[in-house]
Participant: 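Next up is a structure, given as C-alpha cells.
Both ligands and their constituent atoms are indexed starting at 1 by order of listing. Residue numbers start at 1 and run along the sequence shown.
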Amino acid sequence: MDNHLNKWGNIRKRFSGLILLGAAFVSITTAATRFGAAADRSLDGLRSGVVSRQASGNVVVVELDAASTAAIKRWPWSRDNYARVVDRLSSAGAGSIVFDVDFSSTSDAAGDRAFAAAISNAGGRVALPTFGQQRSADDVRTIDALPLPLLRPHAALVSVSIAPDLDGSVRDMPFATMTAGVPRPSLSSYIAGRSGVADALFPIDMSIDPKTIPRLSFVAVRDGKFDPKLVRGRDVLIGATAVEMGDRYGTPSWGVLPGVIVQALAAETLIRGIPVRGSVAVAIVLALMLAGLIVRQRSTGRIMLISALGAAVLISVALLAQHAFQVVYPIAAALMAIGTASAACLGRDVLRRFDLQRTTDDATNLPNRRAWQYSVDDQRAIAVAIAEIGNYESLHAVLGSQAASDVVVRLAERLRLSSEDARVYRISNRQLGVSLSAEQPIEDSMSCLRAILIQPVEVAGRRVDVTTTIGVAQGARQGLDRLLADAAMAADQAQVEGTFWRLATTDLADVERSISLMGELDQAISAGEIDVYYQPKLNLKEQRITSVEALVRWKHPIRGFIGPDLFIPLAEQTDRIAPLTIYVLKRVLADLQVWRGRGHNVAAAINISAKLLSSQSFNAEIERALASFDAPTTSLIFEVTESATMSDPAAAIAALRRYRDLGVAVSLDDYGTGQSTLTYLQQLPLNELKIDRSFVQFAHQNHNDAVLVRSTIKLAHDLGLKVVAEGVEDVACREFLAASDCDLIQGYLISRPVPLGDLIGLLEAAQGGSADGADPYSNASAEVAAHHLRRQAG
Ligand code: C2E
Ligand code: CA
Ligand code: CA
C-alpha cells in the first residue's frame, strides 16, 4: 500500500503543477474571451437574485396600464388625457414629469393643444421623448422621431432609445444619444442630472428590484385619485406597461420588463451611482490560490468540499462587494479555474483509485503481482523469494476463505519482518513474493525465514500448521516476470522435495537440458539405464540388517551418472515419476525374491513421491503390481516425506491406510525438515520415522540436535513407531544413537547404497561374521566393512 502511495505521491507532484497551469490557462482565456463575458453575464441573474435592493422611491412610474386602457377606450388616446395628468402631477408638486410615450404624430387637434398648454403651464418640468426607429421592415437605418413641434417649445427633449444586447437582454443604457443631429441626454441622465458623452454606455444596476419602484395608474392620476404625497418632489416617469402596448424588453435578472420600468431602473442606477467593474485579476488570483489548495488534497470528499466552499466564498465576496461597495467583480473566469482544478483532481483521484484497485489483492489488501510490476524500486530486484503455501487449498476448504486470507496476511507480516520491512506481494492465491536484500546471504535469510515461518499461525482462535516452502531466484534475467516464474518453480520443487527452500536453476541452459533429459528418461527405463541400489538400515537392537532402502540410479551412456537429486524432482514435475516408481517397485519385488531365496529376511523400502499419494491410477497400479508377485508384502516399506502428507492430509491418510491394508509398512522420511508436529503425525498410519540426516549427522557434537533427536525418539516410541536415524557417518554418532535408544541407523558408516550383488555379499558377510561370534557393525570391524563397501559403491 505504501508503495502505491509513494508512486501516487510522485505522480501527484508532477500532475499538480500541470493542473494548476491548466487552471490558470482556462481562467485567463475565459476572462479574455467573449465566452467569459457571456459566462459572467449569465451570473447576473444569480447576483441580483441574491443582493436585490429596494428602489430609492424617488422615481415614480405612472403607467399606461390595463386599467387605463380599459377606462380610456379609444386609441390613440386624446392628448387631453395627458394634459390632465400633467396638470395633476404639477399641482401635486412633482419634481419632473418625463414621458416615455410617442408623441411624434398628431391626434385630435383639441387634445394636442390642451397638452401643449399643460406642458407650458408645468413650467419646464415636462420632458418629452425622442428616439430612433427603424425606417421600414426591410430598411435597418433609423430615422429619429421627435415630438410634434406644437409640444416642443416648453418641454425638454430626452432620448428614450434602448439598445438590447445580441442575446435580446438589456444591460446598458447610454448617457446621451444623437437624435436629429443633436446630442440629447438619455431619460435616465436627465432625471439624475448627469451629463455624459453621446453613446457612452453605463450598466443598469439590475440588483434593484423593479417591483419596489412605486407605480400609479395613469387613469387614477388623470382623475386625481392618488395620494399627492407620492409624487411630491419626485421624478415621475410616464409610460406604457399594458401588455398590448408592446413596449417590452428582456432583462438578465427580472425577465421581460416594460420599457418605462427599464428606464426607471436606469435612472435609479444613476441616482445611486453606477456600479464599478472590479478587476478580473482579483478573482483569478484568489481562484488559483484555491486551486493550489485543491490539488494538494488526497480525498475526493475534501476536493469537492474545498471546491464548493471556495466557489461559495468567491461568489459571496463578489456579491458582498457588489452590495456594499457597488463593485462588480467578474468571477466566471475564477469559477472556471476552480472547476477545472477540481475536475482534474477528481479525475486524478479516480485514476489513482482505479490503479490502486488494479494493483491490490481484494481479499487481503496486499499489493498484487501487477503492483510489483509497476513498482519502480522492486522492478530492479536482483533476488526474489516466493513463499508458497502447500496446504492452501485444504486451509481454504476447512477454514473458509476469510480465515485462509487471514493466514496469507499473517504470513505476509512474517515475511515482511524477516526481510527488513520489504514489500510483500500476493502473487497468486497460495504465493507471496518479496524481493531479497542483496546484502544478506540467501542462506541466512532462509534460516531466519524458516525459524519464523515454522511457527503455527493463529487464525479465528485456532492454531493451524501452514506448510510453506520458499523458492528463490536471483540474477539479472529477462525481467521480473522471468525471475518470479523461476522462483515459483523452485518453490514447487522445494515442496516436492520436502525441503524448506530451493534456489531456482540459474541457467537457462540448465532448464533446457532438463527438458531434454526427461525426454530421455522414458527410453532409459526400457534401455536398462535405470538401476536400483540398496542402502542397508542396521537394527541396533538385533545387530543385523533388517531392511534396505532402494535408491534409484541412472547411468546415462553419454552424460554419465545422473543423481536422483537432479532427475527425481524433474520426473515429478513432468509426470514421469509414476512409471519410474512402478519400475523401481517391480525391480525391488524381483530382488526381494533373490535375497529371500538366499535366506535373508530383509525388508525393502521404496521412496514414494508426495504427488503419487493422491493419484488413483498410481495406487491402482501399485495394487496390481503387488498382486502379481507372490513375495509377502510384509517385507515392503513405503517411505513418504512429511510434506507429502501435509499438502492434502485427507488423501494422504487414505492412501497410507490402503498401503497398510495391503501389508506394506509406512515410514515417514526426512522427519524434521517439514513443519508437522508429532501430534499431527499421530493421525497418520505410520510404522517408522526417519530422522533427517541434517539433524543426525552432528547430533553427537551439537547440543540442540542431540536434544531434538532424543526427544523425537522418545515421542516416536510413545506413538509406537520405530525410529531410523539417517546419515550416520561416525562411530561416535552411532554410539550416541545407541545410547539414545534409536532403533535403526542408516548411513555411510554402515554402507553406501550398493547394487544388488554387493548387497547380497554384505548380507552374507554379516551372517558369516555373526556365525563367528564377531559383531561386524561395531567398533573397528564396522569401519573396515564400511571402508570396503565405500570402495565398492563409488
Ligand atoms: P532420501 O530418501 O533421503 O535418501 C537418502 C539419501 O541420503 C540418498 O541419496 C543416500 O545416498 C544419502 N545418504 C545415505 N547415507 C548417507 C550418509 O551417511 N551421508 C550422506 N551425506 N548421505 C547419505 P540419493 O541416493 O542421492 O537419493 C537422494 C534422494 O532421491 C533420496 O533421498 C530420495 O528422496 C530420492 N530418491 C532416490 N531414489 C528414489 C526413488 O526410487 N523414488 C523416489 N521417489 N525418490 C527417490
Ligand atoms: Ca528415503
Ligand atoms: Ca531421507
Participant: If the cut-off is 4.0 Å to any non-hydrogen atom of Asp669, which atoms of ligand 1 fall inside it?
Facilitator: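 Close to Asp669: 2 (O).
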Participant: For Arg553, which part has a heavy atom under 4.0 Å from ligand 1: side chain, backbone, both, or neither?
Facilitator: side chain
Participant: Suppose I only count heavy atoms of Ser609 and a 4.0 Å limit; which atoms of ligand 1 are within that range?
Facilitator: 44 (N)
Participant: Any idea which part of Gln535 is under 4.0 Å from ligand 1, heavy-atom wise: side chain, backbone, both or neither?
Facilitator: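 Under 4.0 Å from ligand 1, Gln535 contributes side-chain atoms alone.
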Participant: Mind checking whether Gln746 has an N or O less than 3.5 Å away from an N or O of ligand 1?
Facilitator: no
Participant: If the threshold is 4.0 Å, N to carboxylate O, is there a salt bridge linking Asp741 and Lys714?
Facilitator: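 Salt bridge: no.
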Participant: Tell me whether Glu639 has at least one N, O or S atom under 3.0 Å from the Ca ion (ligand 3).
Facilitator: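 Checking the Ca ion (ligand 3) against Glu639, no N, O or S atom falls under 3.0 Å.
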Participant: By atom name, which N, O or S atom belonging to Glu549 lies closest to the Ca ion (ligand 2)?
Facilitator: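 Result for Glu549 and the Ca ion (ligand 2): OE2.
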Participant: Among protein heavy atoms, which lies nearest atom 16 (C) of ligand 1, and at what distance?
Facilitator: Tyr748 CE2, 3.3 Å
Participant: Name the option, out of Lys690, Glu726, Glu729, Arg693, that contains the heavy atom nearest to atom 6 (C) of ligand 1.
Facilitator: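 Considering heavy atoms of Lys690, Glu726, Glu729, Arg693, the nearest to atom 6 (C) of ligand 1 sits in Arg693.
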Participant: Under a heavy-atom criterion of less than 4.0 Å, does Pro753 contact ligand 1?
Facilitator: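 Under 4.0 Å: yes for Pro753.
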Participant: Check Arg576 with Asp522, please: is the shortest side-chain N to carboxylate O separation under 4.0 Å?
Facilitator: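 Answer for the salt bridge query: yes.
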Participant: Got a sec: is Thr641 within less than 3.0 Å of the Ca ion (ligand 2) via an N/O/S atom?
Facilitator: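 Not a single backbone or side-chain N, O or S atom of Thr641 is under 3.0 Å from the Ca ion (ligand 2).
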Participant: List ligand 1 atoms under 4.0 Å from Gly727, heavy atoms only on the residue side.
Facilitator: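 Per the distance check, 16 (C), 17 (C), 18 (O).
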Participant: Among Arg734, Gln697, Arg693, which one satisfies side-chain hydrogen bond (donor to acceptor under 3.5 Å, both in side chains) with Glu729?
Facilitator: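 The passing option is Gln697.
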Participant: Would you mind naming the N, O or S atom of Asp670 nearest to the Ca ion (ligand 3)?
Facilitator: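 Going through the N, O and S atoms of Asp670 one by one, OD1 ends up nearest to the Ca ion (ligand 3).
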Participant: Can an N, O or S atom be found in Asp692 less than 3.0 Å away from the Ca ion (ligand 3)?
Facilitator: no
Participant: Please work out which of Asn607, Val584, Leu551 has its closest non-hydrogen atom nearest to atom 42 (N) of ligand 1.
Facilitator: Asn607
Participant: Among Leu612, Thr641, Ile568, which one puts a heavy atom closest to atom 35 (C) of ligand 1?
Facilitator: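 Answer by nearest heavy atom: Ile568.
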Participant: Check Lys537 with Glu549, please: is the shortest side-chain N to carboxylate O separation under 4.0 Å?
Facilitator: no
Participant: Just give me the atom name: the N, O or S atom of Asp669 closest to the Ca ion (ligand 2).
Facilitator: OD2
Participant: Can you name the atoms of ligand 1, numbered from 1 with element, that are less than 4.0 Å from a heavy atom of Asp565?
Facilitator: 28 (C), 29 (C)
Participant: I'd like to know whether Val594 forms a side-chain contact (heavy atoms from CB on, under 4.5 Å) with Ile760, so could you lay out the CA-CA distance, the side-chain angles of the two residues, the decisive distance to 0.1 Å, and finally the verdict.
Facilitator: CA-CA 9 Å; Val594 175; Ile760 294 190; 3.6 Å; yes
Participant: Looking at ligand 1, does any of its N/O atoms fall within less than 3.5 Å of an N/O of Thr581?
Facilitator: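 There is no such contact.
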Participant: Can a salt bridge be assigned to the pair Glu688 and Lys722 using a cut-off of 4.0 Å between side-chain N and carboxylate O?
Facilitator: no
Participant: Any atoms of ligand 1 less than 4.0 Å from a non-hydrogen atom of Asp670? List them with their elements.
Facilitator: 3 (O)
Participant: Pull out every atom of ligand 1 sitting under 4.0 Å from any heavy atom of Pro564, numbered as shown with elements.
Facilitator: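 Within the 4.0 Å cut-off of Pro564, ligand 1 contributes 24 (P), 25 (O), 26 (O), 27 (O), 28 (C), 30 (O), 37 (C).
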Participant: If you measure every N/O of Val552 against every N/O of ligand 1, is any gap under 3.5 Å?
Facilitator: yes
Participant: Counting from 1, what ligand 1 atoms have a heavy atom of Glu549 closer than 4.0 Å?
Facilitator: 1 (P), 2 (O), 4 (O)
Participant: Should you measure from each heavy atom of Val728, which atoms of ligand 1 turn up under 4.0 Å away?
Facilitator: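 So the answer, numbered in order with elements, is 18 (O).
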